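Structure in structure tokens, see below.
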Amino acid sequence: MATDRRAIGHASVPPPPPLPSRHRTEDAAMPRHPLDPLTPDEIRQAAALVRAAHDLGAGMMFETISLAEPSKAELRADTPPPRRAFVCAFDRRDGRVFEGVVDVTAGAILSWRHIPGVRPRILFDDIELVGRVARADPGFQAALARRGIPDIGLVQVDPWSAGNYGLPDEEGRRLSHTFCWLRTSPDDNAYAHPIEGLCAVIDLDRAAVLRIDDHGDAPIPMRDSNYAAAFRTSFRDDIRPLEIIQPDGPSFTVEGQQVRWQKWRFRVGFNAREGLVLHDLAYEDQGRLRPVMHRGALSEMVVPYAHPGGGHFRKNAFDVGEYGIGVLANSLTLGCDCLGAIHYFDGWLADSKGDPYCIPNAICLHEEDHGILWKHTDLHTGKVEVRRARRLVLSSISTIGNYEYGSFWYLHQDGSIHFEIKATGIMNTAGLKPGEQPRYGTMVAPGVYAHLHQHVFNMRLDMDVDGEANRVVEVDTIGLPMGPENPHGNAFVLRETVLEREQKAQRNVDFHKMRGWRVESATARNGMGSPTAYRLVVQNPLPTFSAPEASVTKRAAFMTRQLWVTAFDAEEMFAAGRYPNQSSGGDGLPAWTAADRPLVDADLVLWHSFGLHHVPRPEDFPVQPVITAGFALHPEGFFDENPALDVPPSRSAKSCCVG
């Protein structure tokens with residue numbers, strides 16, 4: 001779920017100080033490349049053009065103003081394409097949603113249309129509104145009083161996306177569902193004190209309580225469980241300084257949004273929904289810049305919880321599509337979030353009025369030591385060759401209510417690419433009713449219950465391995481039966497299958513076959529005559545435990561397959577569709593792949609689902625140590641030999657690196 005860390009303001013709880021960095025002085029410089037994010041002036045201009053031509057009146061809210069990325073053909077052209085903005089706006093008086101494209105170069109609106117039957121994502125304005133509206137409601141106040149809480153000033157109300165459960169009174173409304181906790185002091189960890197069973201359903205557009213769902217109360221656990229330094233009475237005293245220094249500076253160079261590091265080249269993007277985006281990733285090989293991936297970003301995520309009752313069944317937030325990873329990005333700080341010689345990228349976004357604001361240091365770029373790159377000791381001569389590895393790290397961290405998610409891209413000297421999600425923060429907690437057993441989760445503190453849940457992520461990987469014409473090959477390892485060809489029973493071989501069409505290219509891992517997938521070039525060959533390729537290395541696959549008929553399964557169909565492959569379409573960006581908030585399901589990947597488009601020697605997009613199966617433990621509370629999930633892309637025949645042979649020995653220890 002999500003809540004704005006700046007906006008948990010309660011009647012007698014002073015809100016955290018605003019982030020002054022959000023008002024950073026604007027950089028008036030024009031973008032240097034067609035893929036650069038919108039500048040503040042471009043955001044402001046796009047909003048003004050839309051207001052002038054399609055003013056929705058007093059209820060007009062901007063959901064999104066972000067770069068409308070140029071097509072691949074436009075990027076290849078000699079003439080720079082015009083700068084365009086995608087704009088989504090809605091009227092909170094009647095719920096109508098509109099979207100369009102604005103040419104900010106020419107100052108013209110290229111398209112504008114009404115999108116019926118959808119709801120925009122939850123905005124900052126909505127997050128602040130939910131707690132205020134709930135606490136002012138007499139029915140909510142009465143429910144708190146029945147639980148022995150006459151003073152609502154320390155009640156924390158967290159907004160959750162409502163999902164879609166076919167309830168008649170919710171039809172056609174833009175809603176937020178809520179859960180509540182109690183603070184014992186303004187800075188107390190509220191998640192140690194769940195107010196079980198009390199859920200307000202808020203009509204966001206009318207700023208009113210639609211309904212109070214009271215599922216019955218439970219004793220409120222009152223033992224404090226705080227994690228902040230101010231609450232600690234002692235710290236470890238055996239930690240010595242660990243210095244990360246680069247006296248000659250980092251090995252990367254940055255020009256605008258473009259990064260050069262070792263033999264890698266790429267561009268950094270950022271938007272409200274996806275947050276960190278990787279563009280035009282390529283590798284310089286023997287004087288040629290070879291494309292690997294046109295675009296990579298977190299497309300969607302869902303967090304399904306296991307408890308079927310007490311309002312908890314509604315916990316299945318789509319944190320990308322319903323809130324926005326970029327909107328909730330942190331301003332990163334040196335020595336805390338990042339270490340070493342750092343380059344930061346700011347993130348400029350639009351608020352609900354169409355005004356630009358800044359998240360300074362939204363993205364961190366740095367290098368770090370990564371152990372041994374390769375090593376061999378010649379058994380016969382005793383000579384040793386070893387190289388130290390370093391990797392380039394591009395990261396962004398977002399606070400989605402009680403959870404933090406860090407998105408980390410790693411580029412390696414051997415041509416491999418890794419992506420990792422780091423999850424930390426505080427688990428969502430609940431209380432136990434009298435006589436209730438913790439069947440759907442784990443007790444993490446006396447009276448405090450954390451439910452079984454999953455974090456399922458879907459990455460959109462627009463692969464261009466040595467060009468746009470690619471194919472995907474599924475590779476299974478097959479053990480041969482004993483017989484004349486396998487008399488000792490030890491033989492196994494590879495079975496390769498080209499995924500020719502979209503319906504066939506909806507795949508799951510198979511442990512017994514060590515299944516993997518390879519993206520091959522249709523035109524380029526390596527020195528052995530085989531297609532150049534990159535392999536998707538699956539590291540954290542998840543099965544789906546929700547029933548096929550469940551609302552969350554219908555809405556998040558992407559989580560039922562570890563791999564989907566689609567023919568490239570610039571409009572197909574988000575695995576659960578453009579508007580997942582309160583959707584009924586079927587959007588996104590299921591709808592697109594129904595066309596069963598051909599995939600052989602075509603411009604392809606991989607959609608990889610992976611994640612965390614979270615069985616809570618007491619060690620995850622009151623604040624959760626980082627847990628990780630991710631995947632890798634490894635070159636497989638992309639090079640003719642180990643591309644890291646030219647990495648020089650370490651200057652500080654040559655005697656042990658070179659025999």
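If you're wondering where the values come from, they're calculated on a predicted model, not measured in any experiment. Position 1 is the first residue of the sequence; numbering continues from there.
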Pair Asp238 + Arg236, salt bridge at N-O below 4.0 Å: no
Counterpart residues, side-chain contact (heavy atoms from CB on, under 4.5 Å), relative to Thr64 (two or more places apart): Ser66, Phe86, Cys88, Arg121, Arg578
List for me each residue that meets side chain to side chain donor-acceptor pair (under 3.5 Å) alongside Lys315, sequence neighbours excluded, and say none if there are none. His312, Asn428
Can you name the residues that form a salt bridge (charged side-chain N to carboxylate O under 4.0 Å, His left out) with Glu274, not counting sequence neighbours? Arg295
For Ala629, give me all partners under side-chain contact (heavy atoms from CB on, under 4.5 Å), at least two apart in sequence or on another chain. Asn540, Phe610, Leu612
Check this for me: does any side-chain nitrogen of one of Arg515 and Asp476 sit under 4.0 Å from a carboxylate oxygen of the other? yes
Quick check: are there more than 12 heavy atoms from other residues, nucleotides or ligands sitting under 6.0 Å from CD of Glu171? no
Results of salt bridge (charged side-chain N to carboxylate O under 4.0 Å, His left out) for Arg174 - residues two or more places apart only: Asp126, Asp205
In chain order, what residues pass the side chain to side chain donor-acceptor pair (under 3.5 Å) check against Glu170, with sequence neighbours excluded? Arg211, Arg314
Carboxylate-amine/guanidinium contact Glu322 Arg555, below 4.0 Å: yes
Sequence neighbours left out, what pairs pass ring pair (Phe, Tyr, Trp, His ring centres under 6.0 Å) with at least one residue falling in residues 210-238? none
Go through the structure and list residues passing side chain to side chain donor-acceptor pair (under 3.5 Å) with Arg146, not counting sequence neighbours. Asp214
Sequence neighbours excluded, which residues qualify as side-chain contact (heavy atoms from CB on, under 4.5 Å) partners of Phe313? Tyr165
Sequence neighbours excluded, the answer for disulfide bond (SG atoms under 2.5 Å apart) partners of Cys364 is Cys338
Residues passing the side-chain contact (heavy atoms from CB on, under 4.5 Å) test with Ile212, sequence neighbours excluded, are Asp137, Phe140, Leu198, Ala200, Val209
Got a sec, which residues hit side chain to side chain donor-acceptor pair (under 3.5 Å) with Thr184, two or more places apart in sequence or on another chain? Asp188, Asp224
